[in-house]
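Just below is one structure, and these are the notes that go with it.
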Amino acid sequence: MSLIYAEFSFSYNWKAYSLTTMKYQVLERIFNKPSFQRKFERLELDENLRILDMSEEVQRFAAQPEEVILGKDVRLSFPEFIGLEDILASILKGEQELFELAGIRRDSEHTSSIYIDIYIINEQLESYAENRLIVLIEEVTERLAIEHKLAQKYHEASLLSTTLIAYKNYMEQVINSMADALLVTSRLGIIKKINFATEKLFGYSKSELIGQPISLIIDDYPLFQNVLQKDSLSQQKFSNIEVVCRSKKKEKLLIAFSCSVIKQIKTLEDIVYIARDITDRQRREQRICAQYAITRILSESQSVKQAMPKILQAICQTLGWDLGELWTPSEYITTSLEQANSNVVLRCVEIRSTRLVSVREFKAITWQTTYNSGVGLPGRIWARRSPLWIKDIANDDSQRSQAAAAAGLHGAFGFPILDDNKIIGVMVFFSKEVQKKDTELLQLMVAIGNQIANFIKCKYTEAALVESEERYRDLLENANDLIQSVNVYGRFLYVNRAWEKTLGYSKAEIRNMNIFDIIHPDFRPRSRQKFYNVMSGENLEQVQTAFITKNGQTIFLEGNINCKFVEGKPAAIRGIFRNITQRLLAEEALRHQQEQTKLLLQNISSPVLYVPPQKLNAIAKDFANVTVLFADIVGLSEIAASMSAMQLVSLLNPIFATFDRLSERYSLQKIQTVNEVYMVMGGFPVGRSDHAQAIAHMALDMQTAIALFNSEHHQHFNIRIGIHSGPVLLGIMEVEKFNYQSWGETVTLASYMESQGIPGQIQVTQNTYERLCNEFMLSKRGEIPVQGGGTMTTYLLMGRK
């Protein structure tokens, strides 16, 4: 082995120091260490550790340089030898070859610190009989500094690597815990990475997606590809791009993508997709649109045949289905069906399809197909009287399965049209897609089916009434009295010739008019109340009202009103009136003459009689258009029993203070607060046309206020609210009294709506419902009993549209 020797600075005579007698392996250990050019200083010691010889610069490495003198003990200048006597003795005896002292620090006031390594070896010179100790001293300051820097760099690199690994693990956990799906693809659309939400959303495993093109799950990928190929893509971020996708089961999903491009190396790019499933949101929006469209169709249609095709078309367009059918045992849907369900034969009477599907052959087969009860999709729905969902009609309906497959139809559902559990028809819808069962949609369709049934029943009832009225038309046409018949919505069903002649309206104008359009504004509120009283079963005689003729004149009428009921429900309100305008004018003239005579007699009478003024509270004013709200805090009595009166007042003050602010915000009149009952009136003392809407807004805000109060004060209060609209007659000075029983039926009904309401709900009457239905969401509760016998229909106010 070749030895690498460092440069020695020995300036004096070397005394025939022979390297050949040294042990080569010891010198190799000293001199063959990898390093820079190395320089050693030397000391030669005897067995008593006295200095026998030394190199020129050895003193600068000593702790006490002045003690580095020949013949002196080396321990005086190099204290590191203290305590090493046994080790040095073993080296002299040849028992140990080498001893090292590494990294010894030397400090100086004038220079910076230095570091040295000391090597001690044994050597026998030929000219001496005794062994000597050779001490080699090397300065390693620069080397240690380099080693320290390298160690620091290594430590920093190790720390950075550990940090990067930890950050990578952290990001992996974040990505896998994301609720939104994440995909990373190459510029060509090859999937490189996904998270757990992606697997859950699309139904594919990680191994099934990695390495596959993203077009596997995106239907509209060409659109994506066109966007991604734009040169500006690398500088842009795209958010909420709605794309139709497919799951592993081929179910249709609507996904909102946010995309961004991440540059790796020069030309290498990755595309990151964040995907959010908005299928449910789209379905909710579609269902709201469907409900609105069907309600509008039913309100605008004049007949059943006019409405049914529009309803099929509206459901297809708003809910995304491709074909709709109407099945019924008769030539067309009607309520007059014999319930021999075991022998019923269903046939299709209406078909509507979108432009996205070509189903000419399927339609032709459908027109020729009939189903018995319990057979096929329409027959099974008819027999079950409940909705049915078919994932793929091609595998279910034997009679039309081949035609459905040829037309590309798969998903299907249907629902019955029920009138009080009496089935009158079935609606069936088809889709090109395989559709997962949607229970919420079926529930919505059941409600729509009941709504359609009520419309059909109403229209056929109206038709029957018109036919019945024809029997009496000849008699009525020749009568001198004004005779009219209107439906429950106030639309004219019939007027006689005397009515037309007196008021001057044509038949075409009458068909588009409402009874309340021609009633004089001063009589309209009380007439509307009487209208509802008649529908409740009350017969009114000697009713006085005033109509406005076509030329703007006012005529006064007197007569009686009654209501015709069909199956216990009001169908037509009929009135017979005589014109008393001339009589009233004559009476007014007579009264005026009597007052003139009385005034003349008073002028010729000598004593002046004093007539005391009337008390203000005896004056009454008719507020014909008002809405009254009663609110009751449910459960307050139980809570009040566990606290003092002062504690109860302190607890209730924030609630009623909030209610007072709400009444001021909506310009409503607070009437009185008694215990937990809160009463507000809209349209008083200043009349307003939107009094019902203002009361509705306040009622909804009161519910919100109670919820916030419960959250802040850890309470469980519930509020029950009742609302009614109508006329009210009360003393001007009696407003502040809580004797609302004397104010009339409007206030009484509002109080009854509250007392018979549901905790946490807002119950309104039919009158209030008609004022709110266009701007608010209401749900029909049904009929509730009223005092004195009978029932009335009520609704629950759910929210704003």
Side-chain angles (χ1 to χ4, degrees), residues 3-15 17 19 22-23 25-92 96-123 132-158:
L3 297 176
I4 301 175
Y5 295 100
E7 177 185 353
F8 289 89
S9 298
F10 299 148
S11 59
Y12 54 87
N13 189 9
W14 179 237
K15 293 186 180 180
Y17 186 72
L19 293 176
M22 291 185 174
K23 296 179 180 178
Q25 64 272 24
V26 175
L27 295 176
E28 284 184 358
R29 290 176 59 185
I30 298 174
F31 297 118
N32 277 355
K33 289 185 178 181
S35 180
F36 300 100
Q37 184 178 6
R38 303 173 68 182
K39 181 178 179 180
F40 293 86
E41 299 298 330
R42 179 186 62 82
L43 285 172
E44 185 177 338
L45 307 178
D46 61 11
E47 60 184 3
N48 295 318
L49 302 182
R50 291 191 296 270
I51 299 174
L52 299 177
D53 197 2
M54 60 183 175
S55 60
E56 294 180 355
E57 298 183 14
V58 73
Q59 292 176 338
R60 71 186 186 93
F61 298 134
Q64 300 294 334
E66 67 276 6
E67 297 295 333
V68 184
I69 301 173
L70 294 176
K72 278 205 170 188
D73 194 326
V74 74
R75 287 172 288 191
L76 298 175
S77 54
F78 289 89
E80 291 79 15
F81 286 81
I82 298 173
L84 300 180
E85 289 81 0
D86 293 340
I87 296 174
L88 298 177
S90 67
I91 293 175
L92 283 171
Q96 184 173 336
E97 297 176 348
L98 172 68
F99 183 75
E100 299 179 20
L101 291 172
I104 298 172
R105 180 174 176 176
R106 290 284 186 259
D107 295 321
S108 174
E109 297 180 358
H110 306 291
T111 60
S112 59
S113 299
I114 62 173
Y115 293 86
I116 59 174
D117 286 349
I118 299 176
Y119 304 93
I120 306 170
I121 60 176
N122 173 23
E123 187 56 55
R132 303 292 177 91
L133 289 174
I134 303 301
V135 178
L136 300 178
I137 304 171
E138 179 186 14
E139 182 180 353
V140 294
T141 305
E142 184 178 356
R143 189 190 73 193
L144 288 180
I146 294 173
E147 290 177 354
H148 176 73
K149 289 181 180 179
L150 289 175
Q152 185 176 4
K153 292 292 184 182
Y154 175 79
H155 177 71
E156 291 176 353
S158 177

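Residue numbers run from 1 in the order of the sequence given.
When the side chain to side chain contact (heavy atoms under 4.5 Å, CB included) test is applied to Leu133, the partners found at least two apart in sequence or on another chain are Leu45, Leu49, Leu88, Ile91, Leu92, Ile120. With sequence neighbours left out, Ala145 forms a side chain to side chain contact (heavy atoms under 4.5 Å, CB included) with no residue at all. Shown here are the salt bridge (charged side-chain N to carboxylate O under 4.0 Å, His left out) partners of Glu47, two or more places apart in sequence or in another chain: there are none. Residues satisfying the side-chain hydrogen bond (donor to acceptor under 3.5 Å, both in side chains) criterion with Gln59, sequence neighbours excluded, are absent altogether. Applying the side chain to side chain contact (heavy atoms under 4.5 Å, CB included) rule to Asp86 yields no partners; only residues at least two apart in sequence or on another chain are considered. Taking the side chain to side chain contact (heavy atoms under 4.5 Å, CB included) definition, one finds that Glu66 meets it with Gln64, sequence neighbours left out. When the salt bridge (charged side-chain N to carboxylate O under 4.0 Å, His left out) test is applied to Arg60, the partners found at least two apart in sequence or on another chain are Glu57, Glu139. Every residue two or more places apart in sequence or in another chain that forms a side-chain hydrogen bond (donor to acceptor under 3.5 Å, both in side chains) with Asp107 is listed here: Arg105, Ser113.
Here the straight-line distance linking atom CZ of Phe78 with atom CG of Leu101 works out to 11.0 Å at 0.5 Å rounding. To the nearest 0.5 angstrom, His155 atom NE2 is 10.5 Å from His148 atom NE2. The structure places CG of Leu144 at 10.5 Å from CD of Glu142, a figure rounded to the nearest 0.5 Å. The line from CZ of Phe99 to CG of Asn122 is 15.0 Å long, rounded to the nearest 0.5 Å. Note that CG of Leu136 is 10.0 Å distant from CD of Glu41, once rounded to the nearest 0.5 Å. Atom CD1 in Ile104 sits 8.5 Å away from atom CD1 in Ile137 (nearest 0.5 Å).
When every heavy atom of Leu98 is checked against every heavy atom of Gln96, the shortest pair comes out as O-NE2, 3.0 Å. A pairwise comparison of heavy atoms in Val68 and Ser77 identifies CG2-CB, 3.4 Å as the closest pair. Scanning all heavy atoms of the two residues, the minimum distance from Thr141 to Tyr115 falls at OG1-N, 2.7 Å. Across all non-hydrogen atoms, the minimal contact from Glu80 to Leu84 is O-CD1, 3.1 Å. Scanning all heavy atoms of the two residues, the minimum distance from Ala63 to Pro79 falls at CB-CD, 3.5 Å.
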(request) I would like to know whether Val135 and Val74 meet side chain to side chain contact (heavy atoms under 4.5 Å, CB included); could you show each step before the answer? (result) CA-CA 10 Å; Val135 178; Val74 74; 6.0 Å; no
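Counting only distance, with no hydrogens or angles, the side chain of Arg106 and the backbone of Phe61 share a donor-acceptor pair below 3.5 Å. Judged by distance alone, the side chain of Asn48 and the main-chain N or O of Arg50 form no donor-acceptor pair under 3.5 Å.
Each salt bridge (charged side-chain N to carboxylate O under 4.0 Å, His left out) pair with one or both residues in residues 144-158, not counting sequence neighbours, appears once here: Arg143-Glu147.
Looking at Glu100 and Ile118, their side chains never come closer than 4.5 Å, going by heavy atoms from C-beta outward.
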